[in-house]
Protein chains: 2
Amino acid sequence: MDKTLKRMATMQRMQVTGLELFYKNGYYNTSVDDILKELSLSKGAFYYHFESKEDFFIQIIENLLVRKMYSMLIEPIEGHENTLDLITSCFEEALETAVHNELDFGFVLSNFVNEFNGKNERIMKHLNDILRIWEANLVSAIQRGKFNGYIDRHVDSEGVAVYLMSAYIGVRTLMVEIAPSARKYRFMSQLRQYFKSLEPKRDNSLNHQTVYGSAN
Amino acid sequence: MDKTLKRMATMQRMQVTGLELFYKNGYYNTSVDDILKELSLSKGAFYYHFESKEDFFIQIIENLLVRKMYSMLIEPIEGHENTLDLITSCFEEALETAVHNELDFGFVLSNFVNEFNGKNERIMKHLNDILRIWEANLVSAIQRGKFNGYIDRHVDSEGVAVYLMSAYIGVRTLMVEIAPSARKYRFMSQLRQYFKSLEPKRDNSLNHQTVYGSAN
DNA sequence: ATTTAAACCGACTATCAAGTCGGTTTATTT
DNA sequence: AAATAAACCGACTTGATAGTCGGTTTAAAT
């Protein structure tokens, strides 16, 4: 096999297995040897390809986590239809993978935020970057929804974005142990309820000020 | 000093400092020596009073975390007024302590859930117990709100409870790094918006089925 | 004052994990 | 076939930390 190909293949295998184990057991609770044992590789191979465990992890963030966040939580809502529907089905799908205990990258992200917060500034910087991208993307989706008439124009786009991310991250935390499927269902129907309240009010324009923007 | 008093005092000091450090740096990232150094005590003192680090932590959960959860997130909403207002001001206050980087026990809880999930079943059992108590309390608050006419009777109490806990835990995760104060403000105003949508609809009873209960 | 035990000290052990490095294998180049 | 370098091996070093234990201090009881 071509040497560069072999290099890429080995690094890829290490990163995939690394992310799996880091997700399952946490970064600090997963030793490099754990990953290597899984792959029947040695310390030498690892430190030949990566500078350090931390460096390894950052490459995982950049190569796997960022891409997956894009494909699961960012690109799916970049269409130009009703953005609230897009977000709904996007969350629906992401939470479904969570129910089946598969890797759900929105959660992986929030998990790592929890684990590294206050402990590793360098890694936090990378994680925060992803959060910011997610947030910015949600904000522009909401704004698009307003522009297209699916969302009331008085709605605070940034507020909704923060609220959505909060709710998503939170429900994933709650789903880890107790009744994930039931919690997903309940969560989703409350999300729909909340989205209903963001729709444009056409019937009575006098109510707008009281319903929205308690901006004091 | 009385010996039993001294014993209690020392154990209390250890637990308070322990919780502080466990919260700040995480359980696995805080050594027993870290705590002891903070208190100018020795290993001997620690293992004289506690069986193990794990046992120590469980006592912290039972003695400090549970009590604080009660006083911050459970008892404040046990009044008999408008429960949505009670929950709002309760969250408002809890998040305000979070803004000032003080110990916010709802977050401490979710932090630990993240840290121990899949790693320590025994500790998780204790943490899940608290989550369940919180949830049960929220559910009965919502039901009380329905009974008192502050919340529409078609609302799914369990759904709202899960949604509230999710949102709270999530926003706390988001508040750890980026713009906590702004995020708190945005979160709270969206929460109020969501609560608005739970209020009884008196004007048009025909709309009920379409607004609520997409229970398919 | 003496006894007794609770409370505490801190050196020590055992274990685990990150990272190093000299050596070996494998595949490509000449 | 020989030379070369990338890829990999695994024993070893270093540092951290949970838990142990024999000894010392402190304060209550007699």
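The model shown is predicted, which means the values in this text are computed figures rather than measured ones.
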Next on the checklist: Parallel, tilted or perpendicular: which one describes the rings of B/F56 and B/F46, with boundaries at 30° and 60°?
Outcome noted: perpendicular
Checklist entry - Do B/E177 and A/R132 meet the salt-bridge criterion of a basic N to acidic O distance under 4.0 Å? => result no
Please state how far atom [atom1] in [X] lies from atom [atom2] in [N], giving the value in whole angstrom units.
X	N	atom1	atom2	result
A/D33	C/dT20	CG	P	14 Å
B/Y27	D/dT17	OH	P	13 Å
A/D34	C/dA17	CG	P	6 Å
A/Y28	D/dA16	OH	C1'	14 Å

Checklist entry - Who passes salt bridge (Lys or Arg N to Asp or Glu O under 4.0 Å) against A/E75, sequence neighbours left out? => result none
Checklist entry - What residues, two or more places apart in sequence or in another chain, satisfy salt bridge (Lys or Arg N to Asp or Glu O under 4.0 Å) together with B/R144? => result none
Mind checking whether [X] and [Y] have side chains closer than 4.5 Å, heavy atoms only?
X	Y	answer
A/S71	A/K68	yes
A/E135	A/V162	yes
B/M14	B/F50	yes
B/K146	B/D152	no

Next on the checklist: The test is side-chain hydrogen bond (donor to acceptor under 3.5 Å, both in side chains); show your working for A/N137 and A/E78 and say whether it passes.
Outcome noted: CA-CA 8 Å; A/N137 182 263; A/E78 277 182 340; 3.3 Å; yes
Item to check | Any pair counted as ring-ring contact (aromatic ring centres under 6.0 Å, His included), so long as it reaches residues 111-148 of chain A, sequence neighbours left out | outcome: A/Y27-A/F116, A/Y28-A/F116, A/F57-A/F112, A/F57-A/F116, A/W134-A/Y168
Next on the checklist: Working to the nearest 0.5 angstrom, can you tell me the gap between B/L19 CG and B/I61 CD1?
Outcome noted: 9.5 Å
Checklist entry - Which of residues 10-25 of chain B sit near DNA chain D, with a heavy atom under 4.0 Å from it? => result none
Item to check | Secondary-structure stems for DNA chain D, with pairs counted as Watson-Crick or G-U when both distances are under 3.5 Å and runs at least 3 long | outcome: C:1-30 with D:1-30
Item to check | Contact under 4.0 Å: B/R7 side-chain N or O vs C/dA6 OP1/OP2 | outcome: no
Checklist outcome for this item: So, with a heavy-atom separation below 4.0 Å from DNA chain C, the residues of residues 38-65 of chain B are B/S40, B/L41, B/S42, B/K43, B/G44, B/A45, B/Y48, B/H49
